[in-house]
Number of protein chains: 2
Amino acid sequence: MNRPTTTIKQIADATGVHPSTVSRALDPKKRHLVADDVAKRIVAQAAALDYQPNRLAANLRLGRSDLIGVLLPDIANPVFAPILGGITEVLSAEGYAPIVADAGNASSQQIAFVERLLSQRVDGLILATVSQDDELVGFCIQRGLPVILVNRSEARDRVSSVVSDDDMGMRLAVDHLIGLGHRHIAHVAGPLSTSTGALRRDGFERAMSHHGLRGVVREAIGYTREAGEQAAIHLLAATRDVTAIVAANDLLALGVLDALKQRGLRCPEDISLVGHNDMPLMDVVSPPLTTVRIAHREMGRIAARMLAEQLKGGSPEIRHVILRPELVVRGSTGNSMFWR
Amino acid sequence: MNRPTTTIKQIADATGVHPSTVSRALDPKKRHLVADDVAKRIVAQAAALDYQPNRLAANLRLGRSDLIGVLLPDIANPVFAPILGGITEVLSAEGYAPIVADAGNASSQQIAFVERLLSQRVDGLILATVSQDDELVGFCIQRGLPVILVNRSEARDRVSSVVSDDDMGMRLAVDHLIGLGHRHIAHVAGPLSTSTGALRRDGFERAMSHHGLRGVVREAIGYTREAGEQAAIHLLAATRDVTAIVAANDLLALGVLDALKQRGLRCPEDISLVGHNDMPLMDVVSPPLTTVRIAHREMGRIAARMLAEQLKGGSPEIRHVILRPELVVRGSTGNSMFWR
DNA sequence: GTCCATATTGCAATCGATTGCATAATGTCA
DNA sequence: TGACATTATGCAATCGATTGCAATATGGAC
């Protein structure tokens, strides 16, 4: 930094009052403690000298930083842009600045990021990174750091979260395919170490058994397009009569499309496909993807709001906000060929 | 915050030395000033008490913050995720934390964001937001705030930037279309107030006149899919014989696709289309988009590296890094029907 | 043991904003 | 004018880390 910046002392010298009076006059909550004419002179001088408060100094005194850490597992995954958009929108409105970390999936790396954030004295964290039994969450709880989980949750009820109703999402997908005549339906699951992976797998099986059916599941090793392709290749090699696939997210679905193309299978003519998330651009992929839409921007907003409330002394009790998903039917699903 | 955290004084009390000795022992650059046995005791005690330095305090003393502001014009535009990924990767490696702001396009809003960042005493800024003659850049220069521009530049040579060679990019696009037999080529330009809008428009015209041709240009009012659609609708209504369109970026290209579909035109059979950026997923849109690829992640890395160097006392002279684009041919371009 | 050079450590101040409490100033009323 | 209550302002300390300089300790040579 090292740029000359105006201090409260300079304003005090210029107005002939004490620095504490300057501080009071410039704080809207303390303004009433200063005489009107004095305050006006102080405000004018602050503007004339381009005064910008040093939040480092104020926050050192106040024991806060106005900074919030936001950890993403993969910043390049398009689903996180709207989440991050919602988060930054609300944090900004609440007077916080979001430090964004592309934290990956290894807890040692995530903990290293959080240690860095701790030394910046962040007021709280929003984590989009958690696994079912998350080491980082334990680390944060141990240090009394306020945390909100977004998009994924823990199996344990340790901290508040904002997630989508994965059970319902899978029910919507399976019911839609059953309605099209499909009976042999497979599921390309996300990593079962994540709540989204596990809950969507469970939801898939529940929805299938609701129709007296049993589906095939293949876990992908990550939430990437490549992992989805690999899982689909294995799945298609292991089963013969699958007519539809439900993927745990849209990137996995795109990987399934890659695998179908590779085997000369058409979607939806040979195999119908449903994704999850309705991340940006799913309406212009080929074929336009039928998917379970989650209001990601709203999810980010809610998470940020919950954290801001908690930081402002609100209720510390643990809450889970479950967003209602909706099915968006596009061109990747069609009637089962056994029904045509 | 308000969490009890270990201070240097607590370690000093526990080891029976002065706080300044603790400070020296814990700083790798000062470690040699402390006796080995003393230093070892201090380090052990710091670990036992889970000491985490308070960077607020240290940075107040040092006149720095280790924070970098990153301003994006639209966080939800998929092209920014890889740029942001490259930026966060290098800043993190250099010991900085990136505060991300979704700053929009209005300079008053952008300046408000930067004022907030100034009060957090950010060490520098990376701006992806600039227009040709940017008010915010002037604001930052006036205050001695180090700035690097990424993806867009200014007409004036005031600050360093990392951008793509837009002239070459447009040349690649036009040459490709000419090679396919197209002669009546139009350009859906981005906002001409931005460097990318203006330079790509200029590059288009230069490439066309290189072939002794003249193209039609229609400016879109923003870099959104909707603006692209509107511009294409007007363009198609105004001209009759266009067989190919070069869009200033991929989102505009998707808007052009929307307009073509609306008019019952097929791409590439009726009209070929070239985008710009190769943002994520352009290979799975329908048709797979031929586009000019920019190495966005690398762009973000370079920008962050340049800023870090500048902050570490490196050369303050103004540099422009121009990345070489490449043409990625997919399914949205085909032979001109006049040539078939 | 003495002297000198070097290494080690502590002291006091700094960074800039905030605030509890004491002091000073002001206004009202008799 | 004096007494009292209220308002306004200044003082001194705090937050936690860093560091120039002075003081102290240590080690080696004679």
Side-chain angles (χ1 to χ4, degrees), chain A residues 1-43 45-46 49-67 95 118-123, chain B residues 1-42 45-46 49-66 95 118-123:
Chain A
M1 230 202 33
N2 298 319
R3 296 182 307 277
T5 54
T6 305
T7 62
I8 275 186
K9 182 167 192 303
Q10 280 164 287
I11 298 170
D13 291 344
T15 49
V17 299
H18 192 264
S20 66
T21 305
V22 176
S23 180
R24 287 193 199 95
L26 295 180
D27 178 357
K29 294 208 198 76
K30 298 277 172 58
R31 170 64 178 72
H32 66 281
L33 298 176
V34 180
D36 254 10
D37 56 311
V38 175
K40 282 187 169 67
R41 283 196 298 115
I42 288 168
V43 170
Q45 205 57 237
L49 295 176
D50 195 32
Y51 172 70
Q52 201 74 43
N54 187 334
R55 301 281 349 140
L56 292 189
N59 287 332
L60 179 60
R61 177 67 164 76
L62 297 174
R64 56 181 297 166
S65 68
D66 296 322
L67 301 170
L118 277 173
S119 71
Q120 286 280 0
R121 293 301 194 259
V122 288
D123 293 336
Chain B
M1 232 202 32
N2 297 319
R3 296 184 304 280
T5 54
T6 306
T7 62
I8 275 186
K9 183 168 190 307
Q10 280 165 289
I11 298 169
D13 290 345
T15 49
V17 299
H18 191 263
S20 65
T21 304
V22 177
S23 180
R24 286 191 200 99
L26 295 179
D27 178 358
K29 295 209 197 79
K30 297 277 171 59
R31 171 65 180 71
H32 66 279
L33 297 177
V34 180
D36 254 11
D37 56 311
V38 175
K40 281 185 169 71
R41 285 193 300 115
I42 287 168
Q45 204 56 235
L49 295 178
D50 196 32
Y51 172 70
Q52 202 74 42
N54 187 333
R55 302 265 11 122
L56 292 189
N59 287 332
L60 179 61
R61 177 66 164 74
L62 297 174
R64 56 183 295 167
S65 70
D66 297 322
L118 277 173
S119 72
Q120 285 280 0
R121 292 305 192 260
V122 289
D123 294 335

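Reminder, nothing fancy here: chain letters follow the sequence lines and each chain counts from 1.
- The side-chain heavy atoms of His32(A) and Arg24(A), taken from C-beta on, include no pair separated by under 4.5 Å.
- Rounding to whole angstrom units, CD1 of residue Ile8(A) and P of dT19(C) are separated by 11 Å.
- When heavy atoms are screened at a 4.0 angstrom cut-off, Arg55(B) is found touching no nucleic acid atom at all.
- Here the P atom of nucleotide dA17(C) and the CG atom of Asn54(A) are 6 Å apart, to the nearest Å.
- Regarding Leu33(A), its CG atom lies at a distance of 11 Å from the C1' atom of dT19(C), rounded to whole Å.
- Below the 3.5 angstrom threshold, one finds a donor paired with an acceptor across the side chain of Arg24(A) and the base of dG20(C).
- Residues Asp66(A) and Gln120(B) are in side-chain contact: their nearest non-hydrogen atoms beyond the backbone lie under 4.5 Å apart.
- Of the charged side-chain nitrogens involved, at least one lies within less than 4.0 Å of a carboxylate oxygen, so that Asp13(B) and Lys9(B) count as a salt-bridged pair.
- Side chain of Ser20(A), nearest nucleotide from dG10(D), dG16(D), dC21(D): dG10(D).
- One interatomic measurement links the two molecules: CG of Leu62(B) to P of dT14(C), which rounds to 16 Å at whole-angstrom precision.
- Across Ile11(A) and Ile42(A), no two heavy atoms sit closer than the pair CG2-O, 4.1 Å.
- Each of Ala35(B) and Ser23(A) was assigned the nucleotide of DNA chain C with the nearest heavy atom; the assignment lying further toward the 5' end belongs to Ala35(B).
- Candidate nucleotides dA12(D), dC11(C), dC15(D) were compared by shortest atom distance to the side chain of Leu60(A), and dC15(D) ranks first.
- Here dG16(C) presents its P atom at 15 Å from CG of Asn59(A), a figure rounded to the nearest Å.
- Both Ala57(A) and Thr21(A) lie near DNA chain D, and the one whose nearest nucleotide falls closer to the 5' end is Thr21(A).
- Here dT26(D) presents its P atom at 11 Å from CG of Asp37(B), a figure rounded to the nearest Å.
- Along DNA chain C, the nucleotide closest to Lys30(A) and the one closest to Val17(B) are compared, and the more 5′ of them pairs with Val17(B).
- The distance from atom CG of Asp13(B) to atom P of dG10(C) is 12 Å, rounded to the nearest whole Å.
- A salt bridge between Asp27(B) and Arg31(B) is absent, with no side-chain N of the basic residue lying under 4.0 Å from a carboxylate O of the acidic one.
- The side chain of Tyr51(B) places an N or O atom within less than 4.0 Å of a non-bridging phosphate oxygen (OP1 or OP2) of dA17(D).
- One can place CG of Asp36(A) at 8 Å from P of dA8(D), the figure rounded to the nearest angstrom.
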